[in-house]
Amino acid sequence: KIDPCTLVLFGASGNLSRIKLMPGLFRLDAAGRLPEHMVILSVGRGEVSREDWQADVKGMLDAKFKNGYDQKVFERFIARNHYHANPPNDPNAYKKLQERLADTAIYPQNLAYFLSVRPTDFAPIVEELSKVGLVDESQYWRRVLIEKPFGTDLPSAQALQAELTKHLKESQIYRIDHYLGKSALQNVMLTRFANAMFEPLWNNEHIDHVQITNNETLGVGDRTTFYDATGALRDMVQSHLLQTLALVAMEKPQDLSPESIRAEKIKLLEAIRPIPVNELSKHAFRAQYKAGRVQAGDGHGENVTGYLEELARDGVTESVTETYAALKLFIDNPRWKGVPFYVRTAKRMHEGNTAISIRFKKAPMQLVEGQHQNWLTLNIQPRECIKMEIESKIPGLDVATRTLSIDAPQRQQGDETIDSYESLMLNLMEGDPSLYLHISEVEAQWRLVDPVVKAWMADKSPVHQYPAGSRDPQESSVIFESEDQFWRYSI
Ligand code: BG6
């Protein structure tokens, strides 16, 4: 149940809002999940009339829902939408926002702020809101959703946290990682703990290694400035992929309360062994895409330029920033002692796929030549499915086995398709932080990747290059623990 509330959306005319947030809120409204008295106050820099803003919002919905949408829901949704101009150089901007929100006939006083803005604006906005009393919780709840990235390394994350907690309690801060809103990722915990057949095998006695993969066919696009200062390790591994790892490897939470789940994730993230920088090449591999050919949406190939050429368009002539990053991690606890976790992500790969692949150890008896090890794959996207590979007898007179795949889609006809931002926005309004990050998780994640980022930034020797549209560079296999390990692709 959601209390009447006002969602104050900073950065409402930005890309995320256009593509995900507004359409997501519309779909929540259509599904009857928004309280009757819920208002969306979009905050932007420019002066825009309410009518013009509503026309803009309509354009966002038209662009997203090409097959049209329900007019009755639209009327209700558009009536929730208001706009507030917050010019950057107006010293009274936040006073005006406060005065506006004081109109209780229009704006419910429970306030959820969604900060879809530049990371450098997170703390200043919270400070301004605080100055005019807009994060005061003495009568109503006030929550602040902070977009990614939360800092760019451990010290900056801690500095941001210090700034925020001058004005907010921890319970008011919602640090988002949109991967936690993906239903296939939420399924990891359920697969593990709602079935009797997996948990007994989920340990170093039976598991050989785990691969957590996010491959994309897309390149960096027009985000060159952001990306070049960030790189694949910070962009994907520090956040989404370490969270995925935590869900795969954590111990069973006592219950499904946010506190219990977060406590287990924190314990797990803190148990990951620091990557030895003196032996970095055995534990981490980076590369950059060069020009190549990728699969276009229509199935045909498309020639694309390389990362350095994309940077050159912006006048940047050299860069060691990685568009491919692979790490080998170990978890120092009894369950996972000695099991490598390979985490990899890349732009401009031959296919886009996000998956958790688990290889089991050799069967206790090698009955026939060429018997394969079992794999269990939890595919996150684009397909949401569980696939088990088991050895099975080839029917006939000979005793020989082959691999049988049991492949089950998680999604059945008629199931709701919910975008991760939809479920996360709902959780924000409900006051359920289970799928949001605790500061200790963010800190543990930075603590782990910081030394690698530093070492990579300091090493200016040419970075390995892979052609756009290819598979993992051969050289990346140096991080494998044993020679019989290899990268898995989509299923
Ligand atoms: C974002 C990264 O956080 O996640 C992007 O900044 C990346 O670089 C994106 O493409 C991937 O998200 P998804 O949901 O498309 O897998």
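Order of appearance sets the numbers: ligands from 1, and atoms from 1 within every ligand.
Every residue two or more places apart in sequence or in another chain that forms a ring pair (Phe, Tyr, Trp, His ring centres under 6.0 Å) with His240 is listed here: His178, Tyr179. Residues passing the salt bridge (charged side-chain N to carboxylate O under 4.0 Å, His left out) test with Lys267 are Glu264, sequence neighbours excluded.
Note: Phe65 and Phe26 have tilted aromatic rings, judged against thresholds of 30 and 60 degrees for the angle between ring planes. Taking the six-membered ring where the residue is Trp, Tyr307 and Tyr227 present perpendicular rings, their angle passing 60° and hence far from 30°.
Residues lining ligand 1 at a heavy-atom distance below 4.0 Å are given as Lys148, His178, Tyr179, Lys182, Glu216, Arg223, Asp235, Met236, His240, Lys347, Gln381, ordered by chain and residue number.
If you take CG on Asp56 and CE on Met22, they are separated by 9.0 Å, rounding to the nearest 0.5 Å.
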Kindly list each side-chain donor-acceptor pair under 3.5 angstrom involving residues 116-127, sequence neighbours excluded, with atom names and distances?
residue, atom, partner, partner atom, Å
Arg118, NH2, Asp121, OD2, 3.4

